[in-house]
Amino acid sequence: MSSQNIYILGIESSCDDTAASVIHNGKILSNVIASQKIHEEYGGVVPELASRAHQQNIVPVVNQALERAGITKAQLHAVAFTRGPGLMGSLLVGTSFAKSLAYGLNIPLIDVNHMQAHILAHFIDEEGFDKPEFPFLAMTISGGHTQIVKVNSYFNMDVIGETIDDAVGEAYDKSGKVLGLGYPAGPEIDKRAQQGNPKAFQFTKPKVDGLNFSFSGLKTAILYFVKRETDKNPNFVKENLNDICASIQYTIIGILIDKLKLATRETGIKQIAIGGGVSANSGIRQALKDGEQKFGWKTYVPKFEFTTDNAAMIAIVGYLKYLENDFAAHDITASARLKI
Ligand code: KG4
Ligand code: ZN
């Protein structure tokens with residue numbers, strides 16, 4: 001298998017990042033991403049603006065991915081694209097582009113599930129990063145997702161827990177908005193949290209049965225807390241920002257770790273791989289390290305550029321499916337609510 005020389009182009013356009021990547025066998029040659037700044041002004045992704053920006057970005061992004069990889073279109077063996085889940089208008093841009101490119105080059109088309117891709121990003125060949133062994137638990141945490149998945153093999157996965165409302169990244173971003181921070185607020189809350197007292201303020205954790213999550217109550221609790229305190233002292237947020245951030249972070253990490261503990265108990269699996277933008281968080285990384293000591297976990301955090309929305313993860317799934325001759329028909333359509 002490895003004696004073959006397989007080049008696959010991966011294309012990702014499910015949300016607000018237009019991305020393309022070339023993988024050679026299991027190794028990433030290029031990973032290009034055009035993030036859409038426009039949404040910052042709105043404090044969240046505006047679907048109509050996102051699909052328009054994808055249309056503008058897709059050709060230059062793909063060209064750059066090929067150029068940086070040092071190959072031409074003619075050398076590609078297949079085109080992999082994100083079929084879903086995501087915003088329909090955004091998905092359609094990547095889907096139709098990938099279809100016409102594969103058709104024009106007369107090479108196979110490979111559909112990729114974005115949520116599987118976040119998990120399979122752990123299988124990119126990258127020096128200094130171990131690949132998890134099956135079975136393992138994958139927790140995908142970002143602005144759009146909060147999910148715990150039992151991964152039995154590459155393409156046999158069971159979702160065992162997910163959010164019933166907001167994603168964990170949204171909890172960060174919406175709390176940040178209440179505190180007057182920029183969007184996305186996760187990185188700044190994380191930075192300030194490291195300088196604050198995590199026990200300064202208490203927020204109650206939501207009570208959700210089993211392995212599911214809920215974050216919308218926390219956001220409301222923080223909103224009312226800040227309103228109440230600023231009524232008493234208009235400078236409350238300014239004077240206590242680091243402590244507030246530390247307390248929010250402490251609560252959120254506590255919620256995630258409690259569910260992971262439960263998942264390891266229920267499945268008997270102690271290998272945990274995390275992905276998604278929130279996996280950059282210093283609190284979750286520390287908590288996972290502590291889990292290795294305390295509970296005998298083995299934890300995996302991928303290289304940062306492969307964990308936020310990116311096309312390298314689409315390309316690795318494309319490669320794995322290529323090896324299994326698992327190709328898409330040319331009449332395949334995007335699917336906004338695609339399940340794992
Ligand atoms: O994976 P990603 O880039 O895009 C998707 O949402 O799919 O994740 C972005 C999310 C945002 O909500 C952002 O606030 C959060 O990840 N984030 C963080 C950190 N870095 C990014 N949240 C907490 N701590 C961080 N260090
Ligand atoms: Zn994602």
Side-chain angles (χ1 to χ4, degrees), residues 10-19 21 31 33-37 39-40 42-47 50 82-87 90-91 94 112-122 138-147 149 162-163 166-179 181-196 198 215 218-219 245-257 274-288 301-314 316-317 336 338 340:
I11 294 173
E12 154 67 31
S13 74
S14 66
C15 189
D16 60 339
D17 297 302
T18 320
S21 168
N31 187 24
I33 178 154
S35 298
Q36 304 177 1
K37 286 254 170 255
H39 307 287
E40 283 174 14
Y42 298 88
V45 178
V46 185
T82 303
R83 181 181 179 215
L87 301 170
S90 292
L91 289 166
V112 174
N113 179 310
H114 179 93
M115 297 307 294
Q116 283 191 347
H118 269 300
I119 296 168
L120 297 176
H122 287 274
M139 184 167 75
T140 309
I141 42 179
S142 76
H145 340 290
T146 308
Q147 206 170 56
V149 179
E162 61 192 330
T163 183
D166 290 351
V168 59
E170 269 180 288
Y172 268 102
D173 298 337
K174 289 179 179 173
S175 307
K177 203 168 179 181
V178 172
L179 300 174
L181 306 178
Y183 172 86
E188 185 171 353
I189 292 181
D190 186 13
K191 213 165 97 204
R192 291 183 172 278
Q194 293 169 56
Q195 290 147 37
F215 286 102
L218 180 64
K219 168 193 68 193
C245 288
S247 302
I248 293 173
Q249 174 130 314
Y250 181 77
T251 310
I252 293 178
I253 302 306
I255 295 169
L256 297 175
I257 294 295
I274 63 165
V278 181
S279 66
N281 185 268
S282 64
I284 190 77
R285 285 175 179 235
Q286 187 56 49
L288 290 175
V301 185
K303 197 175 175 190
F304 185 67
E305 66 175 288
F306 301 148
T307 198
T308 53
D309 281 353
N310 68 87
M313 69 184 194
I314 307 304
I316 182 71
V317 180
L338 191 65
I340 272 191

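Nothing fancy with the numbering, it's 1 onward along the sequence. Order of appearance sets the numbers: ligands from 1, and atoms from 1 within every ligand. Being a predicted model, the structure only gives us computed values, none of them experimental.
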Any N or O of Asp190 that comes nearer than 3.5 Å to an N or O of ligand 1?
yes
Under 3.5 Å, N or O to N or O, is Tyr172 touching ligand 1 that way?
no
How close does the nearest protein non-hydrogen atom get to atom 12 (O) of ligand 1, and which residue and atom is it?
Asp173 OD2, 2.7 Å
Give a yes-or-no answer on whether the side chains of Glu12 and Asn310 include a donor-acceptor pair shorter than 3.5 Å.
no
Between OD1 of Asp309 and NE2 of His118, what angle is found at the Zn ion (ligand 2), rounded to 10 degrees?
90°
Closest candidate by heavy atom, reference atom 21 (C) of ligand 1, pool Gly186, Ser279, Gly277:
Gly277
Under 2.8 Å from the Zn ion (ligand 2), is there an N/O/S atom belonging to Cys15?
no
Have a look at ligand 1 and work out which part of Val278, if any, has a heavy atom under 4.0 Å from it: side chain, backbone, both or neither.
both
Has ligand 1 got any nitrogen or oxygen that is less than 3.5 angstrom from a nitrogen or oxygen of Asp309?
yes
Looking at non-hydrogen atoms alone, which of Val168, Asn281, Asn310 comes nearest to atom 24 (N) of ligand 1?
Asn281
Exactly one of Thr140, Ile274, Val149 should register a side-chain contact (heavy atoms from CB on, under 4.5 Å) with His118. Which one does?
Thr140
Return yes or no for this condition: an N or O of Gly143 is under 3.5 Å from an N or O of ligand 1.
yes
